[in-house]
Amino acid sequence: MVEFKDYENTQELEGWYNWPVRASKKIKSIRAINSVISYFRRHRLKRTLIISYTLLGTMVWTATTGYFSPKRVTYTETQLRATQTFGNGLGSITATSMTYSPSNGMVVMELATSDATSAIQKGINTENLDWQVFLPSSVKNPEAVTLEVIPLTGDKVYLVLRNVPSDYTLMVIRATNKTPNSNSLKLDVQEYDDYLSSSSNSVFNQKKQKDNDFNKTYVDFFVTPQNELLKNKYVKNLSREKFALNIFEEELKYQKGQRKELLNSAKTLDDSVKEDTKTLEQLKRESEYLVGNDLTDKQSDMEAIEKSMDSKEKDGAKARENAAYVQTIIEQIEKNIKAVKNGTYKFNSPVRSVKQDIGE
């Protein structure tokens, strides 16, 4: 069967001899466009409908993309930072986790504190921390939101907020540090003339300095869906005593496992030192019958073994020392568990939230 091809559409239209075909096609396309324009000019209703549907589609598309796009961040990076530092050098507090349970309106925060006024590395004494909760005035019945502070072993503190409304949009947790600040005490004598020449004696500057010092004694944590640290996850509604027991028991299990691992490491290092001792004795026996380069090589091997033994002995001693330190943590956790069970563990009084005009 013979096939006929449409040479007008299939053949190449390049070359000067095909210009009539190319020109006719362009005229046809222009004519088609003109006919469409002419059609819409004659049919005003259809033209209006198409324009209206186009505008409506654009609005729907814009609203849809706006709804599914990431939420606009209205807070600064400093406000949403996990680690907040007291400006007057008292230390810092770091939010290690932040969980919101929408089903029962609970927020649980895990904090780690650092006391910069102490000569040793330790957490801030929880008795020196005052807590406040602020909700925007747009939230109905914010007084129902309560904050429970659960001090834990070492530098850790748990915060449990209850009755958090689903439309809270923002909560500000403020921690005020009352730790005595020994970093800015006056120890030197100042000449009266120097005092007069300085600008610090003015009432304005004194008030400004006082206000700045007051502002530096607290840090704020912004609990908001825009905070990447905040995760939505179900949290079981437990009493603060049960919360504390669960946390203590989990840490106790971890610390016991850590102590066992450290002691096993120390034992393995001791066994390795014993094996190196046997190897060293063998190298000494072999070196008695060697001279020249062979003896030098053996001596080098013995020096390497001795250095390895010394390093392993130090590591073993460090592992045993750390295991002893972990044992003190275990003993403290066990005391805390006992105190919670018999009702003598010291909890802070629940804090009620207050309304405040805080930025959205």
- Please check if any side-chain donor atom of E286 sits under 3.5 Å from a side-chain acceptor atom of Q282, or the reverse. yes
- Item | Side-chain (S114) to main-chain (G123) donor-acceptor, under 3.5 angstrom | no
- Query: Checking side chain to side chain contact (heavy atoms under 4.5 Å, CB included) against L252, which of I329, I247, I337 comes through?
  - Reply: I337
- Item | Verdict with supporting geometry, V108 and L159, side-chain contact (heavy atoms from CB on, under 4.5 Å) | CA-CA 6 Å; V108 178; L159 304 181; over 6 Å; no
- What are the two closest heavy atoms between L263 and A323, and how far apart are they? CD2-CB, 3.7 Å
- Query: If every non-hydrogen atom of L161 is compared with every non-hydrogen atom of I173, which pair is closest and at what distance?
  - Reply: CD2-CD1, 3.7 Å
- Message: Distance check, rounded to the nearest 0.5 Å: K256 atom NZ versus Q327 atom CD?
- Response: 9.0 Å
- Message: Could you report the tightest heavy-atom contact between L262 and V326, atom names first, then the distance?
- Response: CD1-CG2, 4.0 Å
- Message: What's the separation between atom CZ in F222 and atom CG in L229, rounded to the nearest 0.5 Å?
- Response: 14.5 Å
- Looking just at side-chain N and O atoms, do T94 and T83 make a donor-acceptor pair shorter than 3.5 Å? yes
- Kindly check if the number of other-residue, nucleotide or ligand heavy atoms within 6.0 Å of CG (D167) is above 12? yes
- Query: Do L129 and N177 have side-chain heavy atoms sitting under 4.5 Å apart?
  - Reply: yes
- Query: K156 and salt bridge (Lys or Arg N to Asp or Glu O under 4.0 Å): which partner among E251, E110, E250?
  - Reply: E251
- Looking at L269 and G316, what are the two nearest heavy atoms and their distance? CD1-N, 3.3 Å
- Message: Determine whether a donor-acceptor pair (N or O, by modelled atom type, separation under 3.5 Å) exists between the side chain of D310 and the backbone of E306.
- Response: no
- Item | Taking every non-hydrogen atom, the tightest pair across V235 and T99 | CG2-CG2, 3.7 Å
- Message: Please determine whether the number of non-hydrogen atoms from other residues, nucleotides or ligands lying under 6.0 Å from atom OH of Y325 exceeds 12.
- Response: no
- Query: Atom NZ of K335 and atom OG1 of T344: how far apart are they, to the nearest 0.5 Å?
  - Reply: 12.0 Å
- Task: Using the rule that two of Ile, Leu, Val, Met, Phe, Trp, Tyr join whenever any of their side-chain heavy atoms come within less than 4.5 Å, decide whether L170 and M106 are in one cluster.
- Result: no
- Option from V160, V340, N237 for which side chain to side chain contact (heavy atoms under 4.5 Å, CB included) with F243 holds: V160
- Task: Sort out for me which residue in K242, R240, R162 forms a salt bridge (Lys or Arg N to Asp or Glu O under 4.0 Å) with E148.
- Result: R162
- Kindly say whether S308 contributes a backbone atom to a donor-acceptor pair with the side chain of S311 at under 3.5 angstrom? no
- Using side chain to side chain contact (heavy atoms under 4.5 Å, CB included) as the criterion, point out the one residue from L135, N104, V145, V223 that pairs with V164. V145
- If you measure from the Lys or Arg side-chain nitrogens to the Asp or Glu carboxylate oxygens, is any gap between K274 and D270 under 4.0 Å? no
- Going from CD1 on I305 to CD on E275, what distance comes out if it is rounded to the nearest 0.5 angstrom? 9.5 Å
- Do other residues, nucleotides or ligands put more than 12 heavy atoms under 6.0 Å from the NZ atom of K233? no
- Above 12 or not: heavy atoms from other molecules or residues under 6.0 Å from NZ of K341? no
- Query: Counting distance only, does the side-chain N/O of Q84 pair as donor-acceptor with the main-chain N or O of T78 below 3.5 Å?
  - Reply: yes
- Taking atom OH of Y254 as the centre, report whether more than 12 heavy atoms of other residues, nucleotides or ligands fall under 6.0 Å from it. no
- Message: For D155, is there any backbone N or O sitting under 3.5 Å from a side-chain donor or acceptor partner on T113?
- Response: yes
- Query: What are the two closest heavy atoms between A144 and N163, and how far apart are they?
  - Reply: O-ND2, 3.0 Å
- Got a donor-acceptor contact below 3.5 angstrom from the T277 side chain to the V273 backbone? yes
- Query: Around atom CD of E261, are there more than 12 heavy atoms of other residues, nucleotides or ligands at under 6.0 Å?
  - Reply: no
- Item | Distance in Å, T96 OG1 paired with Y158 OH, rounded so as to fall on 0.5 Å steps | 7.0 Å
- Between N232 and P102, is there a donor-acceptor pair closer than 3.5 Å when you use the side chain of the first and the backbone of the second? no
- Query: Do Y345 and F248 have ring centroids that are under 6.0 Å from one another?
  - Reply: yes
- Message: Is there a path of hydrophobic side-chain contacts, each under 4.5 Å between heavy atoms of I/L/V/M/F/W/Y residues, joining M171 to W131?
- Response: yes
- Pair N336, T153: side-chain N/O donor-acceptor within cut-off below 3.5 Å: yes
- For atom CD of E288, decide whether the heavy atoms of other residues, nucleotides or ligands shown that lie under 6.0 angstrom number more than 12. yes
- Task: Enter the distance from K236:NZ to S103:OG here, rounded to the nearest 0.5 Å.
- Result: 12.5 Å
